[in-house]
Amino acid sequence: MSEPKRYTITAALPYANGPLHIGHLAGAYIAADIYARFLRLKGEDVIFVCGSDEHGAAITIKAKKENTTPREIVDKYHALIRSSFERFGIAFDIYHRTTEPVHYETSQDFFRILNDKKAFEVKESEQYYDEDAKQFLADRYITGTCPKCGNENAYGDQCERCGSTLSPTELINPKSTISGNKPVLKRTKHWFLKLNEYQEEIAKWLDTKKDTWKAHVFGQCKSWLDAGLQPRAMTRDLDWGIPVPPEFEGAKGKVLYVWLDAPIGYISATKQLFKEIEATKFDFAYSNNFSNRIKNRKADDWKDYWQSKDTQLVHFIGKDNIVFHCITFPAILKATGEFILPENVPANEFMNLEGDKISTSRNWAVWLHEYLDEFPGREDELRYVLLANMPENRDSEFTWQDFQNRVNNELGNNLGNYIKRVVDLTYRFYSGYVPTKISADDVLYFQKQASPVKYIEIFDAISETKKKVAELIKIFRFKEAMQQIMELSSLGNRFLQENEPWKLIKTDPEVVELIMYTSLQITANLSMLLKPFLPRTAERIEHMLNIKKENWYEGNILLASGTKINESEILFPKIEDEQVQQQLDKLNKSKMDNTTAGNDATENKPQISDLKPEITFDDFSKLDIRTGKILEAEKVEKADKLLKLLVDVGFERRTIVSGIAEHFKPEEIIGKDVSVIVNLAPRKLKGIESKGMILMAEDETGKLYFVQASGVNAGSVIR
RNA sequence: GGCGGGAUAGCUCAGGUGGUUAGAGCGCAGGAUUCAUAACCCUGAGGUCCGGGGUUCAAUUCCCCGUCCCGCUACCA
């Protein structure tokens, strides 16, 4: 591919139901920020967009629980996330949000375009509707007799006895599992993206990415394509989201699928960005971060960044978002016929914390806003450690011990100390003035000397490092790029050590000038190289050296002779053992608070759970709920979520299958008091008949709790 | 369960389209030095490259089987 004319960089939209943690940063934002800063430094035409993803269920659930509105929840977290990014130094051009009018319009327009382009198939299906419950029934809410094998307890999507795939309307004698009534067929519409029709195009396009995309990204896409793409519903019967455009028949009560709306957020953020640029009124945009090339542009210019063939689009995401960014969203973009597809999607894997998966629900995380408060002015240290351990090709691990080691040794002892050495020596020898520039004569002179000053090699190394770093960034190998920079710093240390200017100053002051001149150029080049990686540090070095470089400079001489530099400062004070201990104590506390181990609640957006319709007392009294005690528990074969329980419900012992295996280990729940619905119709799960249901409470994070009546014998009635 | 990715030094990670001694940083041991944040520099010890089979003159690398970790997906009434 020829050099692109401009770049559009996106970073995954954080979900506005919680704060940011180090996993987010290591997964997408640091890499994206380095990439964007580097391109800006090179003077490229680049935009870097992001924003809060504010639709979806976790938000309404949280709102209900906190007795507030979804709006307040998203306002709160949007503000927290935005300010955390700002303080940390992720240099977006714009940080937008999906509840903004621009985004509603853009998303709805997309919906219209997709419709015009016949990318949808409207399944105006006859969907079963429960008149009592006043709601449409998803496949699993319907049971009936299997037309193929006669099993009376087949489900709307599948018969578990004969294994056939069914649709609800094929069932004989369908029954709503909510009310037990016979549901009626009612017409409802859903808009399905005909992904299957884009199979070939997407496959062909992806095939061209084989060599440039990461193995895990390409592999995952390939596996989806091999399985065959299926139409996917792009609408939902929900109430928090972007409404299906009202002119569509049957739009009422339907919203866009959150995964349709979210990536369009990249585009609406871009629109908003150029709107604000034209109006020179910056509500969401950060004009200080702008690449020179986007200043003074017009509102309509957003199109260049999404529709122009010579634009390179790159999505930075975590590995959990691969399929949507590499298949579904590209299919959507393709379907419009107007948009470009991503050049690369350099998804990172996950970062673990102290040996465990990062988990919001278990409070097992290093929260960015807390770090910023507890380690003020030390943003780059975190940036560095997350970068050094960035999970580029496999999962990685963050530990506080490693944080301390890396900050103290690599940043402090190698880099920070080196800069300070050079600056201090410059003050000692030359009162802070950069020594004489080497002339051609000097070069000859020193070349003839058999002195150990191998300064030419140093300048070669600087050039080489700059070249390598630039290349590595372009192929998204940020970790390695950073290592190259650290090696240059190491080389600087070695150069001083080998030449010992503090000794030579007494005997060969001219040689010392050369040594120091060379060393100062190394530090100046380090500051430039560090700009994309450790921007705050780069600024502080620039301040020490009294230089200001806005643009990448290919040459090696960045610091003119005679420049008066500023006095040294300590760039990276040591991280003390107590600070590490404090953080470990904090994590330990989280661990203690989690008395129920192994809660791996998914932090993805769960399906919305609407308030259920009112029922009568009669309805309620149909339920027979009793206390019980778990006697035995074991994992169900070939099912990750199911536990087979033997429960004493007073009058008998029952086998109950419950979907709690990801939350509880079998051995730790034996003897637990539980509440059981004992008159629920038996149902087979993975071949085991389950007679009844264990009641569980679920908090907003997805964590489960047993509903327990303490001190009561098994078999007591709950009413 | 299906699919994808991974497993390399005590720790955190690179790398290898098959070919003498598999790398880095940290940690550890020894030495040198004193300009600098007790920093820097040099030297050294340390690895059946997850296990088992196969292909090959040759496997850590390719193929098959297995184990464990992560993601997607199915199972959650």
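In what follows, chains carry the letters A, B, and so on, assigned in the order in which the sequence lines appear, proteins first and then strands, with residues in each chain numbered from 1. Note that the coordinates shown come from a computational prediction; the quantities given were computed from them, not determined experimentally.
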*Asks:* Using both distances under 3.5 Å as the test, list the Watson-Crick or G-U wobble partner of B:C72, or none.
*Replies:*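 Per the H-bond distance test, B:G2.
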*Asks:* By nearest atom, which of the nucleotides B:A14, B:G71, B:U37 is closest to the A:K574 side chain?
*Replies:*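 When the side chain of A:K574 is considered, B:U37 is the closest of B:A14, B:G71, B:U37.
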*Asks:* Please pick, from B:U33, B:G4, B:G5, the nucleotide with the shortest atom-to-atom distance to any side-chain atom of A:S223.
*Replies:*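 For the A:S223 side chain, the nearest candidate turns out to be B:G4.
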*Asks:* Can you tell me, in whole Å, how much space there is between the P of B:G5 and that of B:A9?
*Replies:*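 Pairwise P distance, B:G5 against B:A9, rounds to 22 Å.
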*Asks:* So, is A:N409 near the phosphate of B:G27, with a side-chain N or O under 4.0 Å from OP1 or OP2?
*Replies:*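 Yes.
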*Asks:* Return the value, rounded to whole Å, for the distance between atom CZ of A:F495 and atom P of B:A39.
*Replies:*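 It works out to 24 Å between those atoms.
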*Asks:* Considering every strand shown, what is the Watson-Crick or G-U wobble mate of B:G18 when both distances are under 3.5 Å?
*Replies:*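 Pair assignment: B:G18 / none.
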*Asks:* Can A:N679 and A:K622 be counted as having a side-chain donor-acceptor contact under 3.5 angstrom?
*Replies:*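 The criterion, which ignores hydrogens and geometry beyond distance, is not satisfied for A:K622 and A:N679.
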*Asks:* The side chain of A:R421 is closest to which nucleotide in this list: B:G5, B:G71, B:C35?
*Replies:*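 Closest nucleotide to the A:R421 side chain: B:C35.
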*Asks:* So which nucleotide from B:A39, B:C3, B:C41 ends up closest to the side chain of A:N413?
*Replies:*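 Between B:A39, B:C3, B:C41, the one nearest the side chain of A:N413 would be B:A39.
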*Asks:* Measuring only the P atom in each nucleotide, how far is B:A7 from B:A29? A whole number of Å is fine.
*Replies:*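 So the two P atoms sit 31 Å from each other.
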*Asks:* Checking contacts here: which listed nucleotide (B:C13, B:U34, B:U73) is nearest the side-chain heavy atoms of A:W224?
*Replies:*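 Shortest atom-to-atom distance from the side chain points to B:U73.
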*Asks:* Tell me yes or no: between the side chains of A:N414 and A:N493, is some donor less than 3.5 Å from an acceptor?
*Replies:*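 Side-chain D/A pair, A:N414 to A:N493: present.
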*Asks:* Closer than 4.0 Å, any side-chain N/O of A:K479 to the OP1 or OP2 of B:A14?
*Replies:*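 So the side chain of A:K479 is within the cut-off, an N or O lying under 4.0 Å from OP1 or OP2 of B:A14.
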*Asks:* Using purine N1 to pyrimidine N3 plus N6-O4 or O6-N4 for Watson-Crick, or N1-O2 and O6-N3 for G-U wobble, each under 3.5 Å, what pairs with B:U37?
*Replies:*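 For B:U37, the partner nucleotide comes out as none, under the 3.5 Å rule.
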*Asks:* Under a 3.5 Å cut-off for both distances, is B:U67 Watson-Crick or wobble paired, and to whom?
*Replies:*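 Its partner is B:A7.
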*Asks:* Between A:K319 and A:E349, is there a salt bridge with N-O shorter than 4.0 Å?
*Replies:*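 Between A:K319 and A:E349 there is a salt bridge, with a charged N closer than 4.0 Å to a carboxylate O.
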*Asks:* Sticking with atom P, work out how far B:C28 lies from B:C35, rounded to a whole angstrom.
*Replies:*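 Nearest-Å result for B:C28 against B:C35 at atom P: 26 Å.
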*Asks:* Which of these nucleotides, B:C13, B:C76, B:U37, is closest to any side-chain atom of A:K420?
*Replies:*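 Taking heavy atoms from C-beta onward, the closest nucleotide is B:U37.
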*Asks:* Classify A:S658 by what it touches in the nucleic acid, base, sugar-phosphate, or nothing, heavy-atom distance under 4.0 Å.
*Replies:*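 A:S658: backbone/sugar contact only, no base atoms under 4.0 Å.
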*Asks:* Can you figure out which of B:A77, B:G71, B:C35 approaches the side chain of A:K357 most closely?
*Replies:*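 Given the options B:A77, B:G71, B:C35, the side chain of A:K357 is closest to B:G71.
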*Asks:* What's A:K214 touching, base or sugar-phosphate or nothing? Going by heavy atoms closer than 4.0 Å.
*Replies:*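 Here A:K214 touches no strand at all.
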*Asks:* Say we look at B:G18 and B:U61: how far apart would their P atoms be, to the nearest angstrom?
*Replies:*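 My reading of the P atoms in B:G18 and B:U61 gives 10 Å.
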*Asks:* Report the residue (A:K319 or A:L411) whose heavy-atom-nearest nucleotide on RNA chain B is the more 5′ of the two.
*Replies:*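 Nearest nucleotide further toward 5': that of A:L411.
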*Asks:* Report the distance from atom CE of A:M693 to atom C1' of B:C76, rounded to the nearest whole Å.
*Replies:*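 Rounded to whole Å, this separation is 9 Å.
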*Asks:* Looking at A:D424 and A:R428, does any basic side-chain N land under 4.0 Å from a carboxylate oxygen?
*Replies:*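 No.
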*Asks:* For A:R536, does its backbone N or O pair with a side-chain atom of A:R383 as donor and acceptor, under 3.5 Å?
*Replies:*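 No, because the side chain of A:R383 does not come within donor-acceptor range (under 3.5 Å) of the backbone of A:R536.
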*Asks:* For B:A77, what is the paired nucleotide under Watson-Crick or G-U wobble rules, both distances under 3.5 Å?
*Replies:*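 Partner of B:A77: none found under 3.5 Å.
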*Asks:* For B:G46, decide between syn and anti, treating a glycosidic angle within 90° of 0 as syn.
*Replies:*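 Base orientation: syn.
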*Asks:* Counting any heavy atom closer than 4.0 Å, what does A:L680 reach on the DNA or RNA strands: base, sugar-phosphate only, or nothing?
*Replies:*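 Sugar-phosphate, backbone atoms only, no base.
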*Asks:* What distance, rounded to whole Å, do you find between the two P atoms, one in B:G6 and one in B:A77?
*Replies:*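 After rounding to an integer number of Å, I get 35 Å for this pair.
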*Asks:* Nearest-Å distance, CD1 (A:I694) to P (B:C76)?
*Replies:*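 So the CD1-P distance, A:I694 to B:C76, works out to 16 Å.
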*Asks:* Tell me the partner of B:U55, counting only Watson-Crick (N1-N3 plus N6-O4 or O6-N4) or G-U wobble (N1-O2 and O6-N3) with both under 3.5 Å; none if nothing fits.
*Replies:*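 WC or wobble partner does not exist here.
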*Asks:* Which is true for A:L571 with a 4.0 Å heavy-atom rule: it touches a base, it touches only sugar-phosphate, or it touches nothing?
*Replies:*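 It contacts base atoms.
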*Asks:* Rounded to whole Å, please give me the gap between CD1 in A:I660 and P in B:C75.
*Replies:*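 Spelled out: CD1 on A:I660 to P on B:C75 is 18 Å.
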*Asks:* Distance between the P atoms of B:G2 and B:C65, in whole angstroms?
*Replies:*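 One P to the other, the span is 11 Å.
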*Asks:* Let's see if you can work this out: which of B:G15, B:C35, B:C13 has an atom nearest to the side-chain heavy atoms of A:R477?
*Replies:*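 Looking only at heavy atoms from C-beta outward on A:R477, the closest nucleotide is B:G15.
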*Asks:* Check this for me, if you would: do A:K209 and A:D207 make a salt bridge, where the nitrogen-to-carboxylate-oxygen distance has to be below 4.0 angstrom?
*Replies:*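 Salt bridge flag = no for A:D207 with A:K209.
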*Asks:* When you match A:L491 and A:R232 each to their closest nucleotide on RNA chain B, which lands nearer the 5' end?
*Replies:*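 Whichever sits nearer the 5' end wins; that is A:L491.
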*Asks:* Only pairs with both distances under 3.5 Å count, Watson-Crick or wobble alike; so what is the partner of B:G23 in this structure?
*Replies:*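 The answer is B:C13, by the H-bond criterion.
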*Asks:* Are the aromatic ring centres of A:Y427 and A:Y433 under 6.0 angstrom apart?
*Replies:*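 No - the distance between ring centres of A:Y427 and A:Y433 does not fall below the 6.0 Å cut-off.
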*Asks:* If I take atom CG in residue A:L229 and atom P in nucleotide B:U73, what distance separates them, rounded to the nearest angstrom?
*Replies:*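 In whole Å, B:U73 P and A:L229 CG are 14 Å from each other.
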*Asks:* Base, sugar-phosphate, or nothing: which does A:D424 touch, judged by heavy atoms less than 4.0 Å apart?
*Replies:*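 Result for A:D424 = sugar-phosphate.
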*Asks:* Heavy atoms only, 4.0 Å cut-off, all strands: where does A:R394 land among base, sugar-phosphate and nothing?
*Replies:*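 The answer is base, as A:R394 lies within the cut-off (heavy atoms under 4.0 Å) of a base atom.
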*Asks:* Within the structure, does a side-chain N or O atom of A:R406 lie under 4.0 Å from either OP1 or OP2 of B:C13?
*Replies:*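 Checking A:R406 against B:C13: no side-chain N or O falls below 4.0 Å of OP1 or OP2.
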*Asks:* Under a 3.5 Å limit for both distances, which nucleotide forms a Watson-Crick or G-U wobble pair with B:C28, could you say?
*Replies:*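 Result: B:G44.
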*Asks:* Could you check how far CZ of A:F218 sits from P of B:G71, rounded to whole Å?
*Replies:*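 After rounding, the reported distance stands at 23 Å.
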*Asks:* With a non-hydrogen cut-off below 4.0 angstrom, is A:Y418 in contact with a base, only sugar-phosphate, or nothing?
*Replies:*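 The residue A:Y418 makes no contact with any strand.
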*Asks:* Distance check, P atoms only: B:U21 and B:C3, in whole angstrom units.
*Replies:*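 It comes out at 39 Å once rounded to the nearest Å.
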*Asks:* Write down the distance separating the P atoms in B:C70 and B:A32, rounded off to the nearest Å.
*Replies:*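 Rounded to whole Å, the distance is 49 Å.
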*Asks:* Please work out whether the ring planes of A:H315 and A:F329 are parallel, tilted or perpendicular, with thresholds of 30° and 60°.
*Replies:*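 Rings of A:H315 and A:F329: tilted, 30 to 60°.
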*Asks:* For the pair A:R477 and A:E392, find out whether any cationic side-chain nitrogen is under 4.0 Å from an anionic carboxylate oxygen.
*Replies:*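 Salt bridge flag = no for A:E392 with A:R477.
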*Asks:* Give one of base, sugar-phosphate or nothing for A:K222, where a contact means two heavy atoms less than 4.0 Å apart.
*Replies:*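 No contact at all - A:K222 keeps every heavy atom at 4.0 Å or more from the nucleic acid.
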*Asks:* Picking from B:C40, B:G27, B:C72, which would you name as closest to the side chain of A:Q497?
*Replies:*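 Closest of the options to the side chain of A:Q497: B:C40.
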*Asks:* Please work out if A:S396 contacts a base, only the sugar-phosphate, or nothing of the nucleic acid, heavy-atom cut-off 4.0 Å.
*Replies:*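 The residue A:S396 makes sugar-phosphate contact but no base contact.
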*Asks:* Of all the nucleotides listed (B:C13, B:U12, B:C75), which has the minimum atom distance to the side chain of A:L642?
*Replies:*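 Ranking B:C13, B:U12, B:C75 by closest atom to the A:L642 side chain puts B:C75 first.
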*Asks:* Nearest-Å distance, CE (A:M486) to P (B:G25)?
*Replies:*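 About 11 Å, once rounded to whole Å.
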*Asks:* Mind checking A:V422 for me? I need base, sugar-phosphate or nothing, with any heavy atom below 4.0 Å counting as a touch.
*Replies:*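 Nothing: the residue A:V422, judged by heavy atoms under 4.0 Å, touches no strand.
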*Asks:* Under 6.0 Å between the ring centres of A:F375 and A:W400?
*Replies:*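 Ring-ring flag for A:F375/A:W400: true, centres closer than 6.0 Å.
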*Asks:* If I take atom CG in residue A:N405 and atom P in nucleotide B:A39, what distance separates them, rounded to the nearest angstrom?
*Replies:*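 Spelled out: CG on A:N405 to P on B:A39 is 12 Å.
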